[in-house]
Amino acid sequence: MEISCLQYRITKEEKKEFDETGILMIEDALSPAQVEALTVATDRVYERRVSEGHDPKSALFFPNFIPEDKGFVDLVDYEKIVPKVWGILGWNIYLYHGHLIVTPPSGKTRDNKTFGWHQDSGRMNVEMESHPRPRMSFKVAYFLSDTSQEGRGNFWVIPGSHLCDTLALPEGGEGQPDGAIPVLAKPGTAVFFDRRLWHTATPNWSDITRKVLFYGYGYRWIRTKDDMTVQDLWEGSDLIRRQLLGDGVNCNGHYTPTDADVPLRVWLREHSPEDAT
């Protein structure tokens, strides 16, 4: 990790926005060249899955995508984003979840049906004894296609709803909850969103295929959500990337980490002590 990444640490204003709304958008996080290369890699995965039988008319949800391309791997500890990740969660973190989504045009006429609103993490939302529920993790979504207009398979959110344990849906299955808005993101935008934020996928009523990469960061004592094979990437990775890919000394080190478990903390002690506490 290069010291230059410290210029991208989360600001007080960004942290306040994320804490209050549950969402933070970083425009131009990816360069046009990065967007192009990542799109090529995403298309390669999609085309292979179609050749293997995936219906090209339906959305592709593909977990454990990171080993598929070096460009995907390089985003795990991306210097413009990871400093903001540790600024929110701290240094005892790793990538517990990742998936790409390709949403082709649906070819359907737009309707007003209520979308599939939810919070992430399944049983965590039932079995955690607190109110509001704890953050625990969040995702960073990198947008490769242009979803700066509504109707392009945008994901929708209700800003501030991460502090609400329940959500009232419209009666009759028509319309959206109060406060619901589409996320309008240009190519290259990175969107942070709290796992507790009430959000939903939507149909793609446009003629543009939506392509997004999702990186889920959480505490090291949370289990992986996918059958991830990123362990194969440990060899050849530096120590901090290895931590973010789930490496560690032993199981107890996830809960009571030593310096060998969390090289990110060691690095922060030297270069950004205020972030190493």
Side-chain angles (χ1 to χ4, degrees), residues 29-78 81 95-111 113 115-116 118 120 122 139-156 182-183 185-191 193 199-217 223-237 241 244-246:
L30 299 175
S31 69
Q34 286 174 300
V35 171
E36 181 179 4
L38 291 165
T39 299
V40 169
T42 300
D43 289 346
R44 185 171 62 247
V45 171
Y46 179 74
E47 289 163 6
R48 188 186 78 230
R49 293 295 294 145
V50 169
S51 73
E52 294 170 346
H54 177 76
D55 181 358
K57 297 180 181 180
S58 65
L60 173 66
F61 178 94
F62 187 76
N64 192 35
F65 73 96
I66 291 168
E68 296 280 343
D69 191 87
K70 184 179 182 302
F72 298 152
V73 180
D74 288 341
L75 290 184
V76 169
D77 55 0
Y78 185 38
I81 296 301
L95 188 84
Y96 84 104
H97 180 37
H99 60 90
L100 65 76
I101 293 181
V102 177
T103 311
S106 67
K108 296 180 179 179
T109 302
R110 181 165 185 157
D111 57 42
K113 293 181 180 178
F115 302 139
H118 65 281
D120 285 343
K139 290 179 183 174
V140 180
Y142 294 95
F143 284 78
L144 305 182
S145 54
D146 188 358
T147 60
S148 61
Q149 297 181 31
E150 197 270 327
R152 294 181 173 180
N154 312 69
F155 87 100
W156 281 51
V183 174
K186 301 183 298 183
T189 300
V191 179
F193 64 102
H199 63 284
T200 180
T202 66
N204 184 356
W205 290 300
S206 75
D207 58 1
I208 295 174
T209 297
R210 173 183 179 260
K211 304 169 187 179
V212 191
L213 309 176
F214 292 85
Y215 289 69
Y217 295 91
R223 289 193 180 197
T224 56
K225 195 174 185 295
D226 315 319
D227 294 324
M228 298 175 77
T229 59
V230 295
Q231 298 86 351
D232 297 338
L233 303 172
W234 291 351
E235 185 176 353
S237 295
R241 180 175 286 185
L244 295 177
L245 290 172

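Quick note: numbers below take in every heavy atom, side chains included, and nothing from hydrogens, waters or symmetry partners.
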Between atom [atom1] of [X] and atom [atom2] of [Y], what is the distance when rounded to the nearest 0.5 Å?
X      : Y      : atom1 : atom2 : value
Trp156 : Thr200 : CH2   : OG1   : 10.0 Å
Arg223 : Met228 : CZ    : CE    : 15.0 Å
Leu144 : Gln34  : CG    : CD    : 10.5 Å
Asp226 : Tyr96  : CG    : OH    : 9.0 Å
Thr103 : Tyr46  : OG1   : OH    : 9.0 Å

A quick test of your reading: do over 12 heavy atoms of other residues, nucleotides or ligands sit less than 6.0 Å from [atom1] of [X]?
X      : atom1 : value
Arg110 : CZ    : yes
Glu235 : CD    : no
Gln231 : CD    : yes

ask   = Less than 6.0 Å separating the ring centroids of Tyr215 and Phe65?
value =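 Between Tyr215 and Phe65, the centre distance is under 6.0 Å.
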
Is [X] reaching over with its side chain to a backbone N or O of [Y], donor-acceptor style, under 3.5 angstrom?
X      : Y      : result
His54  : Ser58  : yes
Tyr78  : Ala29  : yes
Thr147 : Ala185 : yes
Tyr217 : Val76  : yes

For [X] against [Y], the heavy-atom pair lying closest together:
X      : Y      : result
Val35  : Thr39  : O-OG1, 2.6 Å
Pro56  : Pro104 : O-CG, 3.3 Å
Ser237 : Leu245 : OG-CD1, 4.1 Å
Asn154 : Pro182 : CB-CB, 4.3 Å
Val45  : Phe72  : CG2-CE1, 4.4 Å
Ala190 : Val140 : CB-CG1, 4.1 Å

Do the non-hydrogen side-chain atoms of [X] and [Y] ever get within less than 4.5 Å of each other?
X      : Y      : value
Asp120 : Lys225 : no
Asn64  : Asp227 : no
Thr209 : Pro105 : yes
Tyr142 : Leu38  : no
Phe155 : Val191 : yes
Glu68  : Ile66  : no
Ile81  : Leu75  : no
Leu95  : Arg241 : no

ask   = Any chance the side chains of Asn204 and Ser206 put a donor and an acceptor closer than 3.5 Å?
value =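 Ser206 and Asn204 do have a side-chain donor-acceptor pair below 3.5 Å.
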
Steps toward side-chain contact (heavy atoms from CB on, under 4.5 Å) verdict (Val50, Leu60) = CA-CA 9 Å; Val50 169; Leu60 173 66; over 6 Å; no

request  = For Arg44 and Asp69, run salt bridge (Lys or Arg N to Asp or Glu O under 4.0 Å): C-alpha distance rounded to whole Å, both residues' side-chain angles, the deciding distance at 0.1 Å, then the answer.
outcome  = CA-CA 10 Å; Arg44 185 171 62 247; Asp69 191 87; 2.7 Å; yes

key: Parallel, tilted or perpendicular: ring planes of His99 versus Phe214, cut at 30 and 60 degrees   =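 Because their plane-to-plane angle is under 30°, the rings of His99 and Phe214 count as parallel.
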
Parallel, tilted or perpendicular, as decided by the 30° and 60° cut-offs, for the rings of His97 and Phe61 =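 Phe61 vs His97 ring planes: tilted.
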
key: Phe115 vs His199, side-chain contact (heavy atoms from CB on, under 4.5 Å): CA-CA, chis, key distance, verdict   = CA-CA 9 Å; Phe115 302 139; His199 63 284; over 6 Å; no

task = Going by the salt bridge (Lys or Arg N to Asp or Glu O under 4.0 Å) test, name the single residue among Arg152, Lys186, Lys211 that passes it with Asp146.
result =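 Of all the options given, the one that passes is Arg152.
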
